[in-house]
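From a predicted model like this one, the values you see are computed outputs, not experimental measurements. We count ligands from 1, going down the list as the structure has it; atoms in each ligand are counted the same way.
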Amino acid sequence: MAQDGSPVGLYRAFPAGREPELINGAVPPAVPILELGCGAGRITHELTALGHHVVAVDQSAEMLAHVRTGTPVHADIEVLALTERFPAVVLASYLVNTIVPGQRDAFLNTCHRHVTDGGVVLVQRTSPAWAAALKAGHTVRSDRMVVTITEARLEAGVLHAAQECRQGDTTWTHAWTDVVYSNREFEDVVAESGFALVRWLDPDQEWAVLQPLPR
Ligand SMILES: C[S@@+](CC[C@H](N)C(=O)[O-])C[C@H]1O[C@@H](n2cnc3c(N)ncnc32)[C@H](O)[C@@H]1O
């Protein structure tokens, strides 16, 4: 289990889904990518296969032990200070929706410190429409994984949720809490960290493309 409560086995088994292609389509071919919170390399491995060199950062040594490609870096995102800057930085997995005070801005500041002037930061946030519609009992299949929502409460802009993920004989449970931002709030949040929201990558408006404002 990672410090943030993510089960390692779950993120090893979870299919990569649409994320690698979305990211690949938003960046130039074969660019170095900084991936923050890479987990067990679910997205990292696919980005490598698509031709990118990925510097993959995570605070969980247990997760990082499964990253087979790119350059793994064991670090807290908040204090990351690499000497290199990247044309593409990825902050996936709704880390930007953290409820920990100060952590969201620390994550975005790390993105800002590490992106080149003309580069992009790709952030996956919790969609407010998805959060509002989420109900206990919802079931989604992703390849061989069956995900059932066991708790979903949206109160005062905060989503309290839990899911049960089953593959074959193995079941993982995962609970999380997200601060949910409207589009307007999200634009304001990223602007405070020195970014412009350029566009959404997907119809669900989960994936935002950010560019650093002139420094
Ligand atoms: C839900 S998992 C997702 C992993 C990966 N992005 C994926 O989609 O498969 C979130 C990951 O972010 C990492 N993480 C959370 N907070 C972090 C922090 N402050 N610094 C570094 N890693 C962090 C966790 O250790 C975990 O591996």
Look at the side-chain heavy atoms of Ile, Leu, Val, Met, Phe, Trp and Tyr, link any pair under 4.5 Å apart, and say whether Phe86 and Leu210 land in one connected group.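 Yes, because Phe86 and Leu210 connect within a single hydrophobic cluster, where side-chain heavy atoms sit under 4.5 Å apart.
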
Do you know the tightest heavy-atom contact between [X] and [Y]?
{"X": "Glu151", "Y": "Arg153", "answer": "OE2-NH2, 3.2 Å"}
{"X": "Ser193", "Y": "Leu108", "answer": "OG-CB, 3.5 Å"}
{"X": "Arg85", "Y": "Val115", "answer": "CD-O, 3.4 Å"}
{"X": "Ala132", "Y": "Leu154", "answer": "CA-CD2, 3.8 Å"}
{"X": "Gln3", "Y": "Gln59", "answer": "NE2-O, 3.2 Å"}

To which protein heavy atom is atom 26 (C) of ligand 1 closest, and what is the distance rounded to 0.1 Å?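 It is Asp58 OD2, 3.5 Å.
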
Going by the order shown, which atoms of ligand 1 are within less than 4.0 Å of some heavy atom of [X]?
{"X": "Ser60", "answer": "25 (O)"}
{"X": "Met63", "answer": "27 (O)"}
{"X": "Phe107", "answer": "19 (N)"}
{"X": "Ala2", "answer": "25 (O)"}
{"X": "Tyr11", "answer": "1 (C), 3 (C), 9 (O)"}
{"X": "Glu78", "answer": "18 (C), 19 (N), 20 (N)"}
{"X": "Gln103", "answer": "19 (N)"}
{"X": "Ile43", "answer": "8 (O)"}

Under a 4.0 Å heavy-atom limit, does [X] contact ligand 1 with its side chain, its backbone, both, or neither?
{"X": "Gln59", "answer": "both"}
{"X": "Gln3", "answer": "neither"}
{"X": "Asp4", "answer": "side chain"}
{"X": "Ser93", "answer": "side chain"}
{"X": "Val57", "answer": "neither"}
{"X": "Phe14", "answer": "neither"}
{"X": "Ala75", "answer": "backbone"}

Applying side-chain hydrogen bond (donor to acceptor under 3.5 Å, both in side chains) to Asp58 and His74, what does each step give before you reach the verdict? CA-CA 5 Å; Asp58 207 285; His74 186 206; over 6 Å; no

Check this for me - ligand 1, Ser6, N or O atoms closer than 3.5 angstrom, yes or no?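 No, since none of the N or O atoms of Ser6 sits under 3.5 Å from an N or O of ligand 1.
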
Check: Glu35 N/O within less than 3.5 Å of ligand 1 N/O: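 No, since none of the N or O atoms of Glu35 sits under 3.5 Å from an N or O of ligand 1.
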
Pairing of Arg18 and Glu206 as salt bridge, 4.0 angstrom limit: yes

Should the pair Phe195 and His112 be assigned to parallel (<30°), tilted (30 to 60°) or perpendicular (>60°) ring geometry? perpendicular

Report, as yes or no, whether the 6.0 Å neighbourhood of atom CZ on Arg113 holds more than 12 heavy atoms from other residues, nucleotides or ligands.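 Atom CZ in Arg113 is crowded, with more than 12 foreign heavy atoms closer than 6.0 Å.
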
Residue selection (non-hydrogen contact nearest atom 6 (N) of ligand 1) among Ala106, Ala40, Gly37, Ala92: Gly37

Are the side chains of Phe186 and Leu197 in contact, using a 4.5 Å heavy-atom criterion?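 In contact.
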
